[in-house]
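The structure appears right after this line, and notes come after that.
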Amino acid sequence: MRTLLAAADIRREVERLGSRIDREFPEGPLVIVGVLTGCVLFLADLVRAISRPVRIALIQASSYRGGATRPGELRFDLDGLPSLQNLPVLLLDDIFDTGRTLSTLRTELLARGATSVQTVVLLWKSARREVELLPDHYAFEIPDEFVVGYGLDYNDHFRNLPEIAVLEPCDIEAFRASPPS
Ligand code: IMP
Ligand code: MG
């Protein structure tokens, strides 16, 4: 594995992103909807870098299945979301890859009555975009490589790494068949 972004760089950029959201997001209540599971570390750090009051909601979504590093069918579960009627929403995920997850979820949240849905991600793999949507806020633009750490996983491994690392083909081979025990 090769380090792409050190923990200190992530901390600095997440704090910068929090201040920018504080300045640029419309006045009033701020509801952040995080996409599980990859969002958890980024969400926890970003909300502490935002000084205005924030409400947090979570949705479950997945598009990578098991040992694949390319997206499969998108599944999501919006049960348990609080009412978003007449509220501006910030939809947060770990990474904007093809953009299909955020584009689909954004449409769903607008259909549930959110007045606006801006998107925020830690990482933007810009070369892979397959939708019209662009992320409204992001911390790092990265090349088209499979990355893990700081919430991102491969086959459920590596979410607790404090840095972002690139998985080399030999790492992918080593962890393909084995979910963490
Ligand atoms: P998208 O719908 O193609 O934008 O994919 C978004 C989802 O795919 C993210 O929420 C991640 O869970 C996952 N994903 C995309 N690229 C990577 C990666 O490089 N490492 C780990 N997960 C990834
Ligand atoms: Mg995800």
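Quick caveat, the model's predicted, so the values are computed rather than measured. Order of listing sets the numbers, starting from 1, for every ligand and every atom in it.
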Contact check, Val148 vs ligand 1, heavy-atom distance below 4.0 Å: no
Enclosure of Glu132 CD (heavy-atom neighbours >12, cutoff 6.0 Å): no
Student check: side-chain heavy atoms of Leu43 and Ile56 closer than 4.5 Å: yes
Geometric class of the Tyr150/Phe42 ring pair [parallel <30°, tilted 30-60°, perpendicular >60°]: tilted
Under 4.0 Å to a heavy atom of Leu152 - the qualifying atoms of ligand 1, by number: 20 (N), 21 (C), 22 (N)
pair Leu81-Leu109: side-chain heavy atoms closer than 4.5 Å: yes
Thr101: numbered ligand 1 atoms lying under 4.0 Å from its heavy atoms: 1 (P), 2 (O), 5 (O), 6 (C)
Side chain, backbone, both or neither: Leu102 near ligand 1, heavy atoms under 4.0 Å: neither
Student check: side-chain heavy atoms of Ile21 and Leu46 closer than 4.5 Å: yes
Charged N-O contact under 4.0 Å between Glu145 and Arg2: yes
Test of proximity, Gly99 against ligand 1: N or O pairs below 3.5 Å: yes
Numbering as shown, the atoms of ligand 1 that approach Glu145 to under 4.0 Å (heavy-atom distance): 19 (O)
Interfacing atoms of ligand 1 (cut-off 4.0 Å, heavy-atom, Asp153): 21 (C)
Numbered atoms of ligand 1 (with element) below 4.0 Å of Asp93, judged on heavy atoms: 9 (C), 10 (O)
Test item: Phe96 and Arg129 side chains (from C-beta on) under 4.5 Å apart, heavy atoms: yes
For Phe158, the option from Leu152, Leu167, Asp171 that meets side chain to side chain contact (heavy atoms under 4.5 Å, CB included): Leu167
Sub-4.0 Å heavy-atom approach of Glu130 to ligand 1: no
Polar contact flag for Phe146 and ligand 1 (N/O pairs, less than 3.5 Å): no
Ligand 1 versus Asp97: contacting region, heavy-atom distance under 4.0 Å: both
Within-shell test, Thr104 vs ligand 1, heavy atom, strictly < 4.0 Å: no
